[in-house]
Structures are given as C-alpha cells and as structure tokens.
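Below is one structure, written out as structure tokens; comments come after it.
Predicted model only: the values in this text are computed from it and were never measured. We count residues from 1, following the sequence as given.
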Amino acid sequence: MSLSTPLTISNEHLTVTLDLNSSAFTLAVFGQTPPFATGTLAAGPGASVAEPCASDIFGTGSALRFNALDGTSSAIRLFPHLPFALIDTRILNSSGADATFQHVPVATLRLDLGLAPTQLRTLGTGGLAAPDTNPGSYSWLAVADPASRKGLVAGWLTHERASGVVFTRVDRDAVAVELTAEYGRLRLAPGGAEQVETAVIGYFADARLGLEAWADAVARQLDIHLPPRPNGFCTWYTDKHGMSSDEDNLKTLTEFCADNLAPHGFNFVQIDDGWQLGDGKGNGPKKNFTDYDQAGPYRSGMGNFANTIKEHGLTPGIWFMPFAGTYNDPWFDDKQDLFVKRDDGTPYDTEWGGTSLDMTNPAAQQYLRAYVQRIAHEWGYTYFKMDGLYTGIAVHQEYVNEGYKRDGFGDAVFFDATKTNIQAFRDGLRLVRDAAGPDVFFLGCTSSQNMRSYGGAFGLVQAMRTGADNGGSYQHWYEQSPKSGSRNYHLNGRIWWNDADPFFVRPTLTLDEARTSASWSAIAGGLNTNSDWIPDLPTERIEIMKRTFVSGFYEARPVDNFENDPPRIWTVRGSVEGEQRDVVALYNWTAEPLEFDIPLADLGLDGTATYAAFDYWDATPLSPFASRLKATLAPHACKILAVQRVLDRPFVLSTSQDVLQGLEELERVQWTGTALTGHSRVVAGDPYILRVHVPHPGLHVTSVDATDDDAHVLEASVQRCGCTAEVTIQPSTSGTAAWSVRFD
C-alpha cells in the first residue's frame with residue numbers, strides 16, 4: 001500500500017474514506033459515487049489506521065482512526081444496521097499547566113447533494129431556514145431538498161458532559177456543516193484527556209426518516225423506555241381558578257374529569273405554581289419547595305389533596321423548580337453554601353429562575369433530596385412538572401431560546417470544579433430520580449428557557465416542554481405549540497414525549513379552532529394536556545376532549561416540514577390484523593380558506609390505487625379518489641381523514657371512538673366471506689359507531705349483532721348511506737365488544 005492509498009470502511013449504508021496524510025475524509029452512500037460530503041476532523045497532522053471496533057450498544061464494527069502528533073485523536077466508526085457514521089474525538093492537554101476547554105470543534109463537512117444551497121433548507125431546533133440563515137441547532141440538524149426530502153442528518157449521540165451544537169453556512173457555493181461540543185468550563189490538568197461527545201452523520205433518501213433514525217439511536221444509546229403518554233389537566237392557564245387553583249375548586253374539577261373523561265383516557269391532574277412557600281421578593285416564583293403554604297390554596301395539606309386525586313382513580317401531579325432557590329429570601333440566609341457561585345463569589349442568580357442550587361455540592365444534594373422525597377413519598381405525588389431546569393446547569397435564561405445563542409455558558413463556579421455544567425445538571429436529574437423513585441413521571445419544563453437543558457436531559461425525563469408558554473388564546477397557542485412540537489416530532493415517543501403545552505377548547509375559540517387545537521395535540525402524539533376550566537365547558541367542547549385523548553404511540557410524522565413551519569399536513573400510520581390504516585390530518589393555520597391538492601405519493605400512499613376516506617369532524621365520507629387528495633379548509637380549521645385503499649369487499653373505514661378512527665381500539669378485524677367481524681374496546685354509555693365502506697351497491701347488510709365481555713347482547717343498529725354502512729353499538733359497560741356485520 002502506498003502512502004497515497006486512502007483507508008476505507010463500509011457498512012450497508014455508508015462508505016467512509018480517510019486520507020492517510022491528513023484528517024480529510026469523504027462520506028458516500030454505500031455503492032454510490034461521488035460522496036455526499038467531504039470533511040475534516042478536528043485532530044491535526046498525524047497517522048491513520050483502519051481497525052475493528054466494538055460497542056456495547058451497536059455491536060462490532062469498523063473504524064478509521066486518526067492519531068495526531070499532539071496526542072489528540074479522532075475516529076470514524078461504522079456499525080451494521082446503523083445508518084450513521086459515528087465521530088469520536090479525544091482531546092489532550094499537552095501543555096505544562098492546567099487548561100480550560102470551552103468549544104471543541106469535532107468535524108466540518110462540505111456537502112454535495114447535487115443542488116445549489118438556495119435549493120436546500122435546514123431544519124433544526126431553531127426552525128426551518130435557508131442554510132445561510134440557520135441560527136444554529138442543538139443536538140441535531142437536517143439539511144434537505146424540500147422537493148424530494150433527500151438530505152443529510154447530523155447531530156450528537158451523547159450529552160454526558162458537553163452541549164452538542166450544529167451550525168451551517170454557505171461556503172463557496174456549497175453548504176458547510178460544523179459540529180462543535182461546548183463544555184462551558186472543562187478543566188484538564190497537564191496530560192489530562194477527555195473523550196468528547198459522539199457526533200453522528202448520515203444521508204437519507206427521506207431526511208424525516210433520518211431524524212427518526214437519529215432519535216432511535218439516542219434511545220438505544222441511553223436505553224430509553226417510555227411509559228404510555230399521559231392525558232390530563234394543568235391548572236396554570238385556566239380562565240377560572242388558574243395558577244395553582246385551590247383545594248375546593250380543583251376537587252370539583254377532579255370529580256368531573258373522573259366521571260366524564262377518565263373512561264376516554266384522561267388520567268392525571270397537575271397543580272401548578274402557587275402552592276409553595278417563599279417571601280415572594282425574589283425574581284420569578286417563590287422557591288421554597290420544602291413545604292406548602294398553610295395559609296394558601298391547599299390549607300388541608302398537599303398530601304391530603306394528592307389522596308383526593310388518587311381516590312378518583314387519577315394521578316396527582318405537582319409543579320416545582322428542583323434546582324432553584326432565592327439567595328435573598330430569609331429562608332436561605334443560612335443556606336448560602338447551597339448555591340453555585342460566580343467568579344467574584346456572589347450567588348449565581350438568573351432572571352426568573354432565581355439562584356442555582358449547586359448539584360456538585362453534597363449539602364445542596366442533601367437539601368434537594370429531602371424535599372423531593374417528601375413530595376413523592378410523604379405527599380404521594382407521582383407526576384412531576386419540573387420548571388426552570390436551566391438553573392441546574394447554571395446558565396442564563398435565554399427565553400425564548402430555540403436557535404443557538406451565546407449565553408455565557410461556563411461563567412459559573414461549582415463546588416466541584418472537575419464537573420462541567422451539563423454533568424452537574426445530569427447528576428441533579430439522577431438525584432431527583434433516585435429520591436422520587438422509579439415510578440414518578442418526569443416532565444421537564446422548558447427547554448426553550450435555555451436549550452442547554454434540551455440534550456442535557458435526554459434519557460432522564462419522560463417528557464419535555466419543547467417551546468414557550470402558549471397563553472390560552474388560539475393565536476398564542478398557534479404561535480408556540482404546533483411550531484415547537486412539529487420541528488421536534490422525531491423525538492416524540494422515542495427520546496421523550498413532546499410537551500407542546502396544553503391544548504384549549506374554551507368557548508373563546510371558535511368550534512373550528514377548538515377542534516384544531518385538540519386534534520393537533522392528539523395527532524402529533526405528544527403529552528396531551530388541557531388547561532380549560534373543564535366543569536364549565538359546553539357539552540360540544542367536552543365531546544372534543546373525549547375524542548382527542550389517545551394514549552398509544554403511532555408512526556406520526558409531518559409531510560411538509562421542509563416546506564412549511566409549522567407543517568400543514570400530518571400522517572399517522574398503523575395496522576389492525578395486518579391491514580394498514582392511515583389517518584391524514586390537514587391544518588389551515590391561516591385566516592383565509594385554503595386549498596389542498598396533495599399527490600398520494602407524498603402521503604406514503606400508492607398513487608395508482610383508489611382510496612376511500614372519512615372526514616371525522618364532519619362525520620361524512622369523501623368520494624373515492626385516486627392519484628391526489630383534494631380538500632378545502634375554512635380558516636383555522638382542520639380535517640382529520642381516515643384513508644384506506646378501496647378493497648373489493650366491505651372494510652371498516654372509520655370509527656367514532658377518537659380521531660385515530662380505529663387505530664386505538666379496533667382488534668381482530670376480519671372478513672369471513674359473508675361477514676365483517678371484530679372486537680372493539682368501548683366505553684359504557686358512549687355510542688360506538690363503525691363506518692363500514694361497502695364497495696358494491698348491490699351488497700346489503702342483513703344483520704348486525706354485538707356482545708360484551710360477559711356475552712350479554714348489546715343493542716346494535718345499522719344505517720346505510722351510499723357506500724357507507726354506519727353500525728351503531730350501545731355499550732352498557734366499558735370493556736370489549738365483539739361485533740359482526742353480515743352481508744347478503
């Protein structure tokens with residue numbers, strides 16, 4: 001082998017080539033030329049080697065390692081069935097004195113996607129932007145062609161001690177992508193080394209699938225297993241009895257929801273800010289969470305009210321700020337050692353969040369552990385909404401922070417100077433978990449206060465607020481929730497449940513706006529929380545809530561997220577007994593009527609087949625269609641369509657249970673040749689409607705019957721309208737109904 005011969009490794013997705021005499025490398029799709037990216041590694045001049053590698057997570061693979069003369073090194077690893085190249089960097093303090101590292105460049109890529117930069121779009125935590133105007137993204141970034149969706153996905157697999165960021169710029173008519181690990185203050189003694197966080201790069205024919213693959217890889221790396229997504233209530237935004245509410249009124253709401261909404265999936269009631277102690281003279285909320293205000297809204301005790309919620313079969317939830325205090329509150333006069341400091345020795349105080357508790361200090365750890373144990377074990381709260389998480393990192397508030405901001409990261413002084421900001425934060429979250437126990441649900445709030453808490457919380461919370469407070473009006477909801485929830489859709493159900501803040505159905509919203517708000521939350525699939533004063537809602541608004549509390553995780557993705565921010569089109573895909581079921585959700589975010597004309601291929605459907613569809617909220621079928629889906633939406637309206645390929649036999653097109661129209665509750669559906677049979681999970685007293693598509697006008701329903709779990713006969717009837725037979729079952733108990741629809 002001559003010195004000019006490059007080193008190459010491959011898996012079934014990628015081929016990586018490394019120049020022997022430099023840190024330059026190329027990335028190509030396996031079996032294809034030319035490369036889609038040319039890059040350089042952070043390590044300086046040195047020598048290269050190809051070698052096997054192993055991972056406890058991803059198995060045995062191949063690596064190209066570049067060992068620089070100064071003792072630093074970089075490696076690019078490939079593993080079977082992993083569609084990313086993993087980039088690892090080791091830095092070394094080769095000086096004779098202590099050194100501080102803040103920004104560690106890992107790799108720079110120059111892309112060749114066969115398109116000019118002006119034809120590409122970037123999508124990151126800061127939203128959708130041209131490559132030369134992208135504000136920088138935390139943890140992940142996609143660069144894609146909106147027309148074909150092909151593109152690159154780059155990001156970070158780990159965030160144990162550093163905050164991983166990704167930037168783009170246009171360099172000589174090409175898009176350049178830069179991956180940098182930011183430590184704040186990483187102190188290394190002479191000869192000390194640090195294994196930098198692992199970066200990932202991949203190419204995908206559909207960059208949406210690449211974003212999902214990145215989230216799947218992070219979930220594998222951190223061994224993430226999520227509980228079912230919760231549906232419930234937060235007191236904060238209610239137009240009556242808001243903030244923390246109070247024990248009398250919230251008991252009324254709890255009873256109402258247990259009776260009317262729990263059978264449809266509602267399962268938690270969460271108390272927000274206002275129950276705790278504190279003198280109120282600091283910035284932001286009071287921050288003494290060691291006990292409740294005995295003259296406040298829960299005079300009978302926080303534990304007593306948690307029991308009230310549990311007695312109604314619901315999960316009690318509570319808001320607090322685990323890593324925050326108020327240095328000038330008299331409560332903390334003798335606790336100044338608990339706080340992170342600045343270089344001048346003063347407490348690290350932040351806007352709204354207050355003073356950062358030092359999670360590297362055993363005294364602060366003991367203080368936090370004691371009151372978390374009280375909230376979880378003495379009072380009995382098993383759902384934590386943990387606000388102001390950025391205080392655990394000791395960074396400034398940068399609200400609203402979604403694109404990259406220079407935030408003074410690293411200007412804090414910790415008790416243990418060997419710990420980085422992110423390491424202290426993750427240690428703090430692990431402490432809260434250890435104190436609370438394994439069964440408490442953790443909702444982080446909110447990453448947009450400072451996005452360092454975004455990747456820093458991966459694997460340590462079950463849900464995360466992905467955007468800013470959404471207010472309570474339709475306009476405020478639209479400006480926050482669909483945007484932040486859509487751009488982070490690929491994290492949902494994989495890394496955590498996205499919390500885009502509550503949906504609203506209150507009468508100040510039009511009926512279309514209420515349906516849109518609730519439907520988007522259900523279809524996008526994140527944490528599903530309402531913050532209306534539910535007992536006073538009109539019946540039609542309660543009905544919307546019943547139909548949008550769904551719990552499962554389905555293949556939900558935006559169709560046009562590289563074209564519109566927020567996307568206007570979503571698809572949800574699942575199957576029942578091997579039969580594919582699709583839901584297409586259309587949203588008109590504008591104040592004018594909007595026409596949709598969508599090629600079926602864009603929806604992942606067969607453009608040569610004929611499809612039937614049912615409009616859930618209008619409760620009407622669409623005429624069968626092929627090639628394209630067309631619809632007109634009123635201002636701020638949505639259409640939630642069950643879409644299925646037309647068969648030459650009857651099939652269940654839609655159900656009334658919820659907006660997923662069969663994905664949640666349908667079981668064991670089959671066609672016997674003369675009858676359509678199946679089982680459905682039903683709710684007592686809630687009429688259950690099967691919308692059966694009948695492809696031939698001469699095919700008639702001869703009988704319908706249904707029985708409950710105890711084989712009791714249920715009242716059932718059928719009404720035929722064109723190609724649709726509506727079968728209505730009247731459940732007398734909640735459980736499973738076995739049904740049969742017979743044809744001549």
Side-chain angles (χ1 to χ4, degrees), residues 6-11 13-20 22-30 35-44 46-55 57-59 61-68 71-80 82-92 101 103-111 137-143 152-168 175-183 193-204 210-211 213-214 217-218 220-221 455 458:
L7 297 175
T8 298
I9 57 173
S10 295
N11 66 5
H13 298 282
L14 298 169
T15 296
V16 185
T17 302
L18 181 65
D19 188 279
L20 280 173
S22 72
S23 58
F25 65 94
T26 61
L27 289 164
V29 176
F30 178 70
F36 63 83
T38 301
T40 55
L41 299 171
S48 306
V49 63
E51 59 188 14
C53 63
S55 163
I57 309 298
F58 303 111
S62 302
L64 297 176
R65 183 170 301 279
F66 189 87
N67 298 306
T72 62
S73 65
S74 294
I76 305 177
R77 296 181 291 159
L78 293 179
F79 293 96
L82 184 67
F84 293 102
L86 276 55
I87 300 181
D88 298 295
T89 300
R90 180 180 178 272
I91 57 175
L92 177 72
F101 293 80
H103 308 276
V104 179
V106 168
T108 300
L109 308 171
R110 182 178 170 86
L111 305 188
S137 183
Y138 296 85
S139 302
W140 59 272
L141 181 80
V143 183
L152 173 132
V153 172
W156 296 89
L157 186 65
T158 62
H159 292 81
E160 292 300 327
R161 281 166 55 87
S163 175
V165 291
V166 190
F167 303 96
T168 61
V175 176
V177 177
E178 299 173 348
L179 294 119
T180 300
E182 298 194 337
Y183 281 92
E194 169 78 3
Q195 190 68 35
V196 180
E197 310 295 344
T198 298
V200 298
I201 304 167
Y203 175 89
F204 299 86
L211 292 171
W214 167 79
V218 172
R220 288 179 64 187
Q221 174 72 28
F458 285 175

Would Arg77 and Thr198 satisfy side chain to side chain contact (heavy atoms under 4.5 Å, CB included), going step by step from the backbone distance to the final call? CA-CA 10 Å; Arg77 296 181 291 159; Thr198 298; 4.2 Å; yes
Out of curiosity, Glu51 CD to Leu7 CG, how far, rounded to the nearest 0.5 Å? 10.5 Å
So how far is it from Leu14 CG to Phe79 CZ, rounded to the nearest 0.5 Å? 13.0 Å
Name all residues meeting the salt bridge (Lys or Arg N to Asp or Glu O under 4.0 Å) criterion together with Glu182; count only those two or more places apart in sequence or in a different chain, and write none if there are none. Arg452
Criterion side-chain contact (heavy atoms from CB on, under 4.5 Å) against Ile76, the qualifying member of Asp88, Leu41, Leu86: Leu41
When every non-hydrogen atom of Ala181 is compared with those of Ala162, the smallest separation belongs to CB-CB, 4.1 Å
Looking at OG of Ser74 and CZ of Phe25, how far apart are the two atoms once the value is rounded to the nearest 0.5 Å? 9.0 Å
Name all residues meeting the salt bridge (Lys or Arg N to Asp or Glu O under 4.0 Å) criterion together with Arg110; count only those two or more places apart in sequence or in a different chain, and write none if there are none. Asp171
Set out, in order, the CA-CA distance, both residues' side-chain angles and the distance that settles side chain to side chain contact (heavy atoms under 4.5 Å, CB included) for Ile201 and Leu179, then state yes or no. CA-CA 10 Å; Ile201 304 167; Leu179 294 119; 4.2 Å; yes
So which atom in Phe204 and which in Pro83 form the shortest heavy-atom distance, rounded to 0.1 Å? CE2-CB, 3.7 Å
Check: Arg161 side chain, Gln195 main-chain N or O, donor-acceptor pair, under 3.5 Å: no
Phe58 and Leu78: side chain to side chain contact (heavy atoms under 4.5 Å, CB included), yes or no, with the steps? CA-CA 9 Å; Phe58 303 111; Leu78 293 179; over 6 Å; no
Check: Ser55 side chain, Ile57 main-chain N or O, donor-acceptor pair, under 3.5 Å: yes
With sequence neighbours excluded, tell me which residues meet ring-ring contact (aromatic ring centres under 6.0 Å, His included) with Phe167. Tyr404
If you take all heavy atoms of Val106 and Ala199, which pair is closest and at what distance? CG1-CB, 4.3 Å
Take Tyr203 and Phe30, measure what ring-ring contact (aromatic ring centres under 6.0 Å, His included) needs, and give me the verdict at the end. CA-CA 10 Å; Tyr203 175 89; Phe30 178 70; over 10 Å; no
Rounding to 0.5 Å, atoms CG (Leu141) and CG (Leu152) come to a distance of 8.0 Å
Evaluate the ring planes of Phe458 and His159, with Trp represented by its six-membered ring, and classify them as parallel (under 30°), tilted (30 to 60°) or perpendicular (over 60°). perpendicular
Take Val153 and Phe84, measure what side chain to side chain contact (heavy atoms under 4.5 Å, CB included) needs, and give me the verdict at the end. CA-CA 9 Å; Val153 172; Phe84 293 102; 4.1 Å; yes
Determine whether Arg65 and Ser73 make a side-chain contact, defined as any pair of heavy atoms from C-beta on separated by less than 4.5 Å. yes
For the atom pair OG (Ser62) and CD1 (Ile9), what is the distance rounded to the nearest 0.5 Å? 5.5 Å
Return the minimal non-hydrogen interatomic distance between Ala193 and Leu92, and the atom names on each side. CB-CD1, 4.1 Å
Using a 3.5 Å distance criterion without hydrogens, assess whether the side chain of Trp214 forms a donor-acceptor pair with backbone atoms of Trp156. yes
Given 3.5 Å as the limit, does a donor-acceptor pair link the side chain of Glu197 with the main chain of Leu157, or not? no
Output the distance between atom OG1 (Thr89) and atom CD1 (Ile87), rounded to the nearest 0.5 Å. 7.0 Å
So, do Val166 and Trp140 sit near enough that their side-chain heavy atoms are less than 4.5 Å apart? no
